[in-house]
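Structure first, commentary second.
As the structure is a prediction and not an experimental result, all values here were calculated from the model.
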Amino acid sequence: MEVNSPAGPATGLESVPNCDYSFHVKLGSMQDPQLFQDLEESCKSDVAFTNFCLKLNVFLNILLPGGKHIQLMAIDEIIEHHFLHVNFESLVDWKLHTDYLRCSPSFYNAPRHDYVIVDSNNGPFFACLMLSFTCQDEHLGFWRTHAQPWSGSIFISCWSIIHGVMVVLDFDDVGDYLVVDGVDTDMFLRVGTLCKKAGF
């Protein structure tokens with residue numbers, strides 16, 4: 001597929017003074033939920049989507065440490081996102097910049113699948129964005145936390161801090177965040193202990 005179009009390059013490299021730099025990647029242009037089985041049926045002519053749900057399970061079970069077992073099923077929901085914001089530090093001026101990436105079957109009446117450079121354990125590689133999506137967290141077992149009002153802020157001692165935590169905004173529930181325990185094994189074990197104490 002063509003990455004460039006007459007309207008301009010596939011990615012927009014811009015420095016935006018008022019941009020929200022509190023995240024590395026943010027998904028946008030959320031589509032209606034659909035079942036994994038419906039996605040595979042609609043894309044059955046594309047070999048890249050053969051056994052899509054099965055391959056996703058394999059990926060997630062390798063990605064998450066500590067032997068956590070993920071078993072997404074054909075009747076589980078998947079939500080496509082056709083737009084991505086990616087913040088990165090430029091090697092030219094060492095300032096934060098934003099890429100605006102498209103992953104859409106119809107962008108101005110034509111498919112748009114931008115390319116990216118991806119970090120990996122074996123070094124960077126280039127890839128085409130074929131599908132950008134999120135799936136429900138019931139199977140992933142994320143610990144959910146809800147932000148308290150600023151008026152309810154409290155004092156804590158810095159000596160009481162146990163561990164830095166990565167959280168992601170839950171776009172379905174305003175004020176809710178999901179704790180990502182897959183960043184390292186220590187965090188995975190700590191959150192697992194919390195879940196057991198809470199009876200999850």
message: Grouping I, L, V, M, F, W and Y whenever their side-chain heavy atoms are under 4.5 Å apart, do Val47 and Met130 come out in a common cluster?
response: no
statement: SG of Cys103 to CG of Leu131, rounded to nearest 0.5 Å, is 6.0 Å
message: Counting C-beta onward and ignoring hydrogens, is there a side-chain heavy-atom pair between Lys44 and Phe49 closer than 4.5 Å?
response: no
field: Closest approach of Ser104 to His113 (non-hydrogen atoms, all atoms of both residues)
entry: O-NE2, 3.7 Å
statement: Note: Leu27 and Ser132 closest approach over all heavy atoms is CD2-OG, 3.4 Å
- request: Step by step, work out the side chain to side chain contact (heavy atoms under 4.5 Å, CB included) result for His97 and Phe88.
  value: CA-CA 6 Å; His97 293 256; Phe88 66 96; 3.7 Å; yes
- prompt: In Å, rounded to the nearest 0.5 Å, how long is the span from OG1 of Thr98 to CG of Leu84?
  reply: 12.5 Å
message: Tell me whether the count of non-hydrogen atoms from other residues, nucleotides or ligands lying under 6.0 Å of CD1 in Ile117 goes above 12.
response: yes
Main-chain N/O of Ala48 paired with Asp46 side-chain donor or acceptor, under 3.5 Å: yes
task: Determine whether Asp114 and Phe107 make a side-chain contact, defined as any pair of heavy atoms from C-beta on separated by less than 4.5 Å.
output: no
- prompt: Distance from Phe36 atom CZ to Phe52 atom CZ, nearest 0.5 Å?
  reply: 6.0 Å
message: Taking CZ in Phe125 as the centre, count heavy atoms belonging to other residues, nucleotides or ligands within less than 6.0 Å. Is the count above 12?
response: yes
task: Only counting residues at least two apart or in another chain, list the ones meeting side-chain contact (heavy atoms from CB on, under 4.5 Å) with Asp119.
output: none
field: From Gln71 atom CD to Leu54 atom CG, the distance as rounded to the nearest 0.5 Å
entry: 8.0 Å
message: I need the minimum non-hydrogen distance between Met73 and Asp76, along with the two atoms involved.
response: N-OD2, 2.7 Å
- request: List the atom of Leu35, the atom of Ile75, and the distance in Å for their closest heavy-atom pair.
  value: CD2-O, 3.2 Å
field: Atom pair CG/NE2 of Leu129 and His81 - distance to nearest 0.5 Å
entry: 13.5 Å
task: State which residues pass side-chain contact (heavy atoms from CB on, under 4.5 Å) with Ser29; sequence neighbours excluded, sorted by chain then number.
output: Gln31, His82, Phe83
query: Is there a donor-acceptor contact under 3.5 Å from the side chain of Lys26 to the main chain of Asn87?
result: no
field: Crowding at CG, Asp32 (>12 non-hydrogen neighbours, <6.0 Å)
entry: no
- request: Answer with yes or no whether the hydrophobic clustering places Phe126 together with Val86; edges join I, L, V, M, F, W, Y residues whose side-chain heavy atoms lie under 4.5 Å apart.
  value: no
Minimum heavy-atom distance Cys53-Leu72, with the two atoms named: SG-O, 3.4 Å
message: Taking the ring centre of each residue, are His85 and Tyr100 less than 6.0 Å apart?
response: yes
task: Nearest 0.5 Å please: distance from the CD atom of Glu77 over to the OG1 atom of Thr134.
output: 10.0 Å
